[in-house]
Amino acid sequence: MISVEEALGILLSNLPERKVEEVPFQAALGRNLAEDLVATRDIPPFHRSAMDGYAVRAADVEHAPVELIIAGEIRAGGGIPRKLNPGEAIATMTGAPVSEGADAVQIIELCRISDDGKRIRILEPVKPRENIAMQGSEAKTGAVVLESGHRVGPAEIAAMATFGYSRVKVYRKPSIAIFATGDELVEFDKTPELDQIRNSNAYCLSSQLQYMGFEPDYLGIARDNRDELHRMMLLGLERDVLIITGGVSMGEYDFVRDVFKDIGLEILFNKVAIKPGKPTVFARKGDKLIFGLPGNPISALVTFECFVRPVLGRLCGMTQPELPRMKGELLADMRQSPGRTAFMPAWVFWQDDGWKVEPLLWKSSADIIGFTRANATFIFPKSRDLLRRGEVVEIMLLPDFFVRQR
Ligand code: AMP
Ligand code: MG
């Protein structure tokens, strides 16, 4: 059985080529650029005053206090000020161009205006360039300001607006279909018979995809028979990525693998040494990727985060889409039978001088209720059968770690 790391290696070596689309710049939020963006003008476009004050020649105020003649006033957007002669000062507002001939701005707090309003007393010297943002000091025309692959957040949107990029190229989001499998499943708005349960995985996975910014198509529930699975899979394969839950275990009615073969999918792995989630299957057909995730709710949730997220994130141009990891101190002894890397639900919190990892009681890989208490999972290495209280363990944060409160 392959390890989690080997599975990840297989996934990453089977990524289809990423596709590119052009979108209005505001729609690029949360996407990754598929082109370099260059500065279309110098920023600042002129020597810009960073403060409200008086533009002066630093040499004139070297022996301050000194008095200079007020030669005008300039505000942001108020045109270009006239040239400054020796012995003069120009009242200059924040964001306004600094007059040619001036090389510094003294802040208003260190200036005193004369009674007749014609002269300004500069109380202290200023150094050349003080309080001036020089033309092109933030970006020079033609310089790459955002590189291809760069993730777009609010600051990047501001940069696009600054340079007048009304449309930009980003990596396309793959289209994604999901369906659930199982004769026992009914939808959430039905009352299950005693032998039935409500389908929760399709909604859990849809939410995980939505957290990543995708809008998956949910195709419904396929019953445990080959024809229905076959039909549903062909439908799902019209999208770039198909995610199926259930039917991949070793039971008599777990037909998903068989139907993968019927359809001619190339199965790239069909078991991973992970707990929960051992029966996870990954297949492809040309550029289409297919994930067969286990039916147990936590298995589906965890294998999505470990295997599906890294793939989908990369298709969108991310370089490191994996959930963040860190280390923390385990607060209780934990046991497991070795052989598989386990992702155990935990509540992780900061106390005193570090992250603490409180393992959560959960009944099994079916226990979605237990998992609702988690903000992270900690990783139980596959070579170990006992982790002792006080040991430092690796933690994988869940996507809403930073907003989840107990
Ligand atoms: P399977 O992988 O099909 O053998 O299913 C494993 C377990 O997960 C069984 O107890 C199923 O009833 C349960 N299960 C399968 N699919 C779902 C689903 N969509 N929602 C909730 N539980 C499921
Ligand atoms: Mg099943």
Side-chain angles (χ1 to χ4, degrees), residues 1 4 7 176-211 214 216-233 235-236 239 241-263 265 267 269-283 290-309 340 342-345 362-374 377:
M1 196 162 31
V4 172
I176 304 171
I178 299 183
F179 69 83
T181 72
D183 285 343
E184 74 280 33
L185 300 180
V186 299
E187 289 296 11
F188 62 89
D189 52 356
K190 299 283 181 305
T191 305
E193 300 294 334
L194 191 58
D195 63 339
Q196 293 179 321
I197 58 168
R198 291 193 181 95
N199 165 26
S200 64
N201 291 352
Y203 300 98
C204 185
L205 290 165
S206 293
S207 310
Q208 290 174 283
L209 288 161
Q210 282 172 41
Y211 257 6
F214 298 108
D217 291 321
Y218 170 49
L219 305 181
I221 299 167
R223 299 299 154 198
D224 290 317
N225 74 67
R226 287 171 87 129
D227 289 345
E228 195 163 328
L229 283 169
H230 194 124
R231 194 179 52 75
M232 206 81 131
M233 270 185 216
L235 198 61
R239 315 303 195 284
V241 177
L242 170 62
I243 303 171
I244 303 170
T245 85
V248 289
S249 312
M250 290 300 132
E252 286 293 317
Y253 298 92
D254 292 323
F255 295 129
V256 167
R257 271 191 197 72
D258 301 330
V259 180
F260 277 9
K261 287 183 193 137
D262 295 347
I263 291 183
L265 303 187
I267 297 183
F269 62 74
N270 69 13
K271 256 198 203 83
V272 186
I274 186 173
K275 190 156 76 182
K278 183 168 83 170
T280 303
V281 190
F282 173 55
I290 304 93
F291 293 90
L293 306 184
N296 266 317
I298 309 308
S299 309
L301 187 155
V302 166
T303 52
F304 176 91
E305 296 301 354
C306 291
F307 302 129
V308 185
R309 173 183 292 273
R340 290 190 274 156
F343 290 77
M344 313 279 227
W362 65 319
K363 303 281 168 358
S364 72
S365 55
D367 184 9
I368 196 75
I369 315 305
F371 212 87
T372 61
R373 317 267 191 265
T377 63

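When a ligand or atom number is given, it counts from 1 through the structure's own listing order.
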Is any side-chain heavy atom of Leu219 closer than 4.5 Å to one of Ile178?
no
Centroid separation Phe307 to Phe282 less than 6.0 Å:
no
Only heavy atoms of Asp254, strictly under 4.0 Å: list the atoms of ligand 1 that pass.
3 (O), 4 (O)
Verify, without hydrogens or angle tests, whether Gln196 (side chain) and Glu193 (backbone) share a donor-acceptor contact under 3.5 angstrom.
yes
Close side-chain approach of Met250 and Lys271, heavy atoms under 4.5 Å
yes
Contacting atoms of ligand 1, where contact means under 4.0 angstrom from a heavy atom of Gly247
1 (P), 2 (O), 3 (O)
So which protein heavy atom does atom 4 (O) of ligand 1 come closest to, and at what separation?
Ser249 OG, 3.4 Å
Which of the atoms of ligand 1 are close to Ile197, meaning less than 4.0 Å from one of its heavy atoms?
12 (O), 21 (C), 22 (N), 23 (C)
Just by modelled atom types, is the Pro345 backbone N or O under 3.5 Å from a matching donor or acceptor in the Thr377 side chain?
no
Proximal atoms of ligand 1 relative to Glu184 (non-hydrogen, under 4.0 Å)
11 (C), 12 (O), 15 (C)
Could you tell me whether a side-chain N or O of Arg340 sits under 3.5 Å from a main-chain N or O of Ala273, the two making a donor and an acceptor?
no
Give me the residue, atom name and distance of the protein heavy atom closest to atom 6 (C) of ligand 1.
Asn296 N, 3.7 Å
Could you tell me whether the side chain of Val272 reaches within less than 4.5 Å of the side chain of Val4, counting heavy atoms only?
yes
Of all protein heavy atoms, the one nearest atom 17 (C) of ligand 1 is Asn201 ND2, 3.3 Å
Look at atom 2 (O) of ligand 1 and find which of Gly295, Ala300, Gly292 reaches it with the closest heavy atom.
Gly295
With a 4.0 Å heavy-atom cut-off (strictly under), which part of Ile221 contacts ligand 1: side chain, backbone, both or neither?
neither
side-chain hydrogen bond (donor to acceptor under 3.5 Å, both in side chains) partners of residues 247-257, not counting sequence neighbours, each pair once
none
Using a strict cut-off of 4.0 Å, indicate which atoms of ligand 1 neighbour a heavy atom of Asn199.
18 (C), 19 (N), 20 (N)
With heavy atoms and a 4.0 Å threshold, my read on which part of Ser200 contacts ligand 1 is both
